[in-house]
Every structure is written in C-alpha cells, then in structure tokens.
J.: 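Sending over a structure as structure tokens; questions will come in a sec.
Residue numbering restarts at 1 for every chain, and letters A, B, ... go by the order of the sequence lines. All figures in this text were calculated on a predicted structure; none of them were measured in a lab.
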Amino acid sequence: MSEQKHEESVPFYPDHLALEAKVALGVGILVVIIGIIGLFIPVGVGAPADPMDTPAHIKPEWYFLSLYQLLRFIPKTLGATAPVVAVLLIMVWPFLDRKPDQTTKTRQIRFWFSLVAVIIIIALTIWGEVS
Amino acid sequence: MKTVYRTILFTLISVILIAISAAVVHAYTAPVPASAVRAEGVTQPLTDSPEPEKDTCIQCHVDGSFTNIWTPFLRWITFGAAGAALLFGVARSASVWNTRTAWVPIPKRITSWLDDRYQLSEILEPILSKPVPDWQRRWYYCLGGLTFFLFLVQGATGIMLAFYYKPTPAEAYASIQFIENEVMLGSAVRMIHHWSANGMIVMACAHMLRVFIMGAYKPPRELNWVSGVLLLVMTLAFGFTGYLLPWDQRAYWATTVGTEIAGSIPVIGQLAFIFLRAGWNITSLTLTRFFGLHVLILPLITLGTMLAHFLMVRKQGIMKPL
C-alpha cells in the first residue's frame, strides 16, 4: 500500500519483533508464576466419578455457565438451539454486513452492542455461579 | 602447516586435561562403584566388602537428590560446557592466528552456510524488513497473538500431561492424583494447563470483540472471520472435552448435562448425543473418545485452521481503522 510508506513506521525486524518478544516474555513470566503457585496450591480433583450418585449442584465450566443459566428460563430445545444458531449467525455475519464503514458511528453502535452483550453474558455467569 | 599441528596439539592437551580433572572429581565424589556387583550363583569373594546398595531411584541421579549436586548428569553438563568453551577458545585463537582475519561468529557461519544452499534470505528479507506502522503497535492488536502463545503453552503442557495421563475410567482419576502428588513439577504443569486454557478463551473472546468492534470482518476479510469463529468454537470444544478427562464427579456430571443439552437440539441432536457419548451412556468409550478428540483431532484441526487464519492476515494485512 503506497499511502503506508508516508506514515510513521518501524521495521518488523528487529524493532517490532523485540516488542512482541517482550510481550511474550511478560506472559511467559506470568505463566511460570502460575506454575509456581500451582506447586503450593494445586488445581486438585474432586471426588472420583460415581455414575450412581448424582450431585445436588451440577455446574459446567464458567464459559458455558451463562448458557446453562439461560436454560433455566427458556425451554430446553430453544436453549440448546440458540447457541448453535448464534454461532452460525456470527459466522455468516460478514456476508450480511458488507458495507464498509463511512463514519465512526457504526463502530460506536457495534461497541455498545458488544458491551451490552458482554454485560448480559457476565451477569448470567455471575448469577449462575452464585445460585 | 606448523600451526595446524599446534592446534591439534593444544586440542589434545586440553581434552586430556579435562578428562583427568573429570576423573579426579569423579573419584572423589562418585558413590560406591558398582564393580562389586556379583552375578547370582557365583561364590562370594573372601573379602568382607559390604553388599552394594541397590539403586532404588534412577531419576534421583538426574534431579540431584541422590549424591547432592555432583550427580553424573550435572557433572557431564559442567565439564562438557567447560571443555566446549575451552575447545572453542583454542579453535578460535588458532583460526585468527592462521588466517590473520577477524573471527566470523558461529551463528553467522551457520546462516551463511544455509543461505548459500537454500537462499533463505530471499524468502525472509521481505518478511523481516516489512515496515510496521505505528498505529499497529497498540496493545489491542496483540490479543490474537497472545491467544496463539497460550495455545503453544497448552500444547507443551498438554504433551507433558499426556505422558502420565491414562484415559480409562479405572485409572484416569488415579493418574491425575499421581500427576498432582508424585510427578516432579506435575502440579505446576497441570496448574499452567488449567489457567492457560481459561486465559486462551478470554483472549480469543477479547480478540473477537476487537475485530467485531473495529469492523475488521468486512470484505475482503470475511473468510478470516469465519476461520476465527471456527477457532473459537474449537477452543470451547477443547475446554469441553478436556473437562471430562480428570474423571471426577464434577467432570462426569458436567459432561452428562452437557451432552444431554447437545442431544436436545432438533434434527442433529440425537446424532450429536450418540457421537459425543459413543453410545447412550458415559462409559470408558466416551472417555477415550474425548481424549482422542482433545489430544489428536482438535489440535490438528486447530493447527490447520490457524495456519489459514495467519496466512490470510499475512496476505491482507491488518485492517486500518478510520
């Protein structure tokens, strides 16, 4: 792209690669710290699986908890179909919304839409966690 | 030619010196030699030397708990490194003395050797010298890269866990306990695998939100978005299949409920249910199926999709926001 030559830039090697290496190093240190914590406070396992003994409260991992919480209020078929339809809709979204951004207004609309969606998901997750 | 002989002589002398010093230290620090081991049935020698102690812990030789720090392994590393440094010094000095030219560093020699044969710089030059505009050097552009970094962490720790994990209902739980309690650094590796999995999902979602808000999914980048959504689904599938593997109550019943919910999808639900459980109930077949999906199928699909994802970004570049 010709217009990019005029703007401020750094070469990928070594300047930008050094920045990426620093980020990777930072996250790597975080990972090692998590590992050291794991030496003293392991993840642990619960009671061994027993197909004869259904526990009172069954909860999935947190990333499925919002869907699970949703299932309490809507019919099971709808609740199971909704995420599949949602994923398919998200997947074909670029073929539906094809117009290039003319102003920053559309970006703001998407931002607020995402914010509301994320808040709803987080709220459902917290609700599922405490209930 | 004289200098060549001198180089060889120096090298021989240094090797002999290293060998002698290693032998001396070995003689003073090594445990009782195993030369006293007797074959069964052979009559005992007259000397009343004590019975050699049976070595119960092979691994202790490596980790240093058997004879303190001077285990054979560490000794090899120490003397090997010292010897290599000395040899390198001798070779470098001799080369500079011989040729009367500045020393070319070894990495440079290796790269030029490879470059002569395969012209790697022709391929790498446009990649490495590509200018990165300042607007791309923002924190929110590294979310996807961090997801990939965490995927690599997951791969490395997952392989380590797979060495000790046993995917059968009878042994899965015990093998997790073994990893947590017996395996060296096992609990650390499992902790990293656990939290890095959570982090990967957070990062993937954050990356997706960034792309969505900025509108980077719009033409011509539709397929990149599609592959990204596939990768997110794959990440969640990793989470779902990996969750059953410890075979504890939480895992078992979460999978029971999860597969039941998948089974209530119209039309394809029944098929998905049977496919996931490998039957009507959660059995050892379910566990091996989830294990196979988790460690073989999903990583392969994810790697392939990731490759496509990255190549498309490479080709099209990052979308410039307004």
J.: Out of A:V31, A:D97, A:L30, which one racks up the most heavy-atom pairs below 4.5 Å with chain B?
T.: A:D97
J.: Among A:L78, A:I36, A:V27, which has the most heavy-atom pairs under 4.5 Å with chain B?
T.: A:V27
J.: Tell me which of these, B:V132, B:T256, B:I201, has more heavy-atom pairs under 4.5 Å with chain A than the rest.
T.: B:V132
J.: Parallel under 30°, tilted from 30 to 60°, perpendicular over 60°: which one fits the rings of B:F273 and B:W280?
T.: tilted
J.: Do you know which of B:V153, B:L223, B:L236, B:I127 has the most heavy-atom pairs with chain A at a distance under 4.5 angstrom?
T.: B:L236
J.: Would you indicate whether the side-chain heavy atoms of B:D248 and A:P48 approach each other to under 4.5 Å?
T.: no
J.: Going by heavy atoms in the side chains, are B:M312 and B:S227 under 4.5 Å from each other?
T.: yes
J.: Which residue out of A:A47, A:A24, A:G79, A:P100 racks up the most heavy-atom pairs below 4.5 Å with chain B?
T.: A:A47
J.: Can you say whether B:I261 sits under 4.5 Å from chain A via the side chain, the backbone, both, or neither, judging by heavy atoms?
T.: both
J.: Before accepting this row, confirm whether a basic side-chain N of the pair A:R110/A:D101 lies closer than 4.0 Å to the acidic partner's carboxylate O.
T.: yes
J.: Starting at OG of A:S131, measure out to NE2 of A:H57 and round the result to the nearest 0.5 Å.
T.: 9.0 Å
J.: Taking side chain as everything from C-beta outward and backbone as N, CA, C, O, which of these in B:E222 sits under 4.5 Å from a heavy atom of chain A? Side chain, backbone, both or neither.
T.: both
J.: What residue, out of A:T77, A:T81, A:V45, has the most heavy-atom pairs lying under 4.5 Å from chain B?
T.: A:V45
J.: With a 4.5 angstrom heavy-atom cut-off, could you sort out which part of A:Q102 is near chain B: side chain, backbone, both or neither?
T.: backbone
J.: Should we count OH of A:Y13 as having more than 12 external heavy atoms under 6.0 Å?
T.: no
J.: Does A:F12, at its CZ atom, have more than 12 non-hydrogen atoms belonging to other residues, nucleotides or ligands within less than 6.0 Å?
T.: yes
J.: Select one option (side chain, backbone, both, neither) describing which atoms of B:W195 are under 4.5 Å from chain A's heavy atoms.
T.: side chain
J.: Is chain B contacted by the side chain of A:I90, its backbone, both, or neither, given a heavy-atom distance below 4.5 Å?
T.: both
J.: Given heavy-atom pairs under 4.5 angstrom as the criterion, report whether the side chain, backbone, both or neither of B:V226 touches chain A.
T.: both
J.: Pick whichever of A:D50, A:L71, A:I109 has the most heavy-atom pairs under 4.5 Å with chain B.
T.: A:D50
J.: By a 4.5 Å heavy-atom criterion (distance strictly below it), what part of A:V92 contacts chain B: side chain, backbone, both, or neither?
T.: neither
J.: Within the side chain of B:Q316, is there an N or O that forms a donor-acceptor pair under 3.5 Å with the backbone of B:P220?
T.: yes
J.: Please indicate whether A:W93 has more than 12 foreign heavy atoms, meaning atoms of other residues, nucleotides or ligands, lying under 6.0 Å from its CH2.
T.: no
J.: Does any backbone or side-chain atom of B:P321 lie under 4.5 Å from a heavy atom of chain A? Answer side chain, backbone, both or neither.
T.: both
J.: Please look at A:F40 and chain B and tell me whether the side chain, the backbone, both or neither of the residue comes under 4.5 angstrom of a heavy atom of that chain.
T.: neither
J.: Report the residue from B:I159, B:V183, B:L161 that forms a side-chain contact (heavy atoms from CB on, under 4.5 Å) with B:V189.
T.: B:L161
J.: Around atom CZ of A:F95, are there more than 12 heavy atoms of other residues, nucleotides or ligands at under 6.0 Å?
T.: yes
J.: Taking the six-membered ring for Trp and the full ring for Phe, Tyr or His, determine whether the centres of B:F291 and B:Y165 are under 6.0 Å apart.
T.: yes
J.: With only heavy atoms counted, which part of A:V84 is less than 4.5 Å from chain B, the side chain, the backbone, both or neither?
T.: side chain
J.: Go through the atoms of A:I34 and report whether side chain, backbone, both or neither lie under 4.5 Å from a heavy atom of chain B.
T.: both
J.: Is B:I179 close to chain A through its backbone or its side chain, or both, or neither, when contacts mean heavy atoms under 4.5 Å?
T.: neither
J.: With respect to B:T255, which candidate in B:T241, B:L245, B:L276, B:I282 satisfies the side-chain contact (heavy atoms from CB on, under 4.5 Å) definition?
T.: B:I282
J.: Most heavy-atom pairs under 4.5 angstrom with chain A, which of B:S129, B:P246, B:A254, B:P266?
T.: B:P266
J.: Would you mind checking which part of B:Y217 comes under 4.5 Å of any heavy atom in chain A, side chain (CB onward), backbone (N, CA, C, O), both or neither?
T.: both
J.: So for A:L67, is it side chain, backbone, both, or neither that comes closer than 4.5 Å to the heavy atoms of chain B?
T.: neither
J.: Kindly indicate whether the side chain of A:L124, heavy atoms from C-beta on, has any atom under 4.5 Å from the side chain of A:Y68.
T.: no
J.: Before you tell me yes or no, could you show the steps for B:F212 and A:S114 under side chain to side chain contact (heavy atoms under 4.5 Å, CB included), namely the whole-Å CA-CA distance, both residues' side-chain angles and the distance that decides it to 0.1 Å?
T.: CA-CA 8 Å; B:F212 178 71; A:S114 315; 3.2 Å; yes
J.: Name the option with the most non-hydrogen atom pairs under 4.5 Å to chain A; the candidates are B:Q177, B:M208, B:R137.
T.: B:R137
J.: Which bit of A:P83 is near chain B, if near means a heavy-atom gap under 4.5 Å: side chain, backbone, both or neither?
T.: neither
J.: Need one label for B:I265: side chain, backbone, both or neither, based on atoms under 4.5 Å from any heavy atom in chain A.
T.: both
J.: Does the pair B:F290 and B:Y243 meet the rule for a ring-ring contact (aromatic ring centres under 6.0 Å, His included), with working shown?
T.: CA-CA 9 Å; B:F290 273 43; B:Y243 200 54; over 10 Å; no
J.: Check each atom of B:W225 against the heavy atoms of chain A and say whether the ones under 4.5 Å are side chain, backbone, both or neither.
T.: side chain
J.: Pick from A:T104, A:D53, A:T103: which one has the most heavy-atom pairs with chain B under 4.5 Å?
T.: A:D53
J.: Is A:T106 in contact with chain B via its backbone, its side chain, both, or neither, using a 4.5 Å heavy-atom distance?
T.: neither
J.: With a 4.5 angstrom heavy-atom cut-off, is it the side chain or the backbone of B:N181 that approaches chain A, or both, or neither?
T.: neither
J.: Need one label for A:W112: side chain, backbone, both or neither, based on atoms under 4.5 Å from any heavy atom in chain B.
T.: neither
J.: Taking the side chain as everything from C-beta on, heavy atoms only, tell me whether B:M234 gets closer than 4.5 Å to B:M306.
T.: no
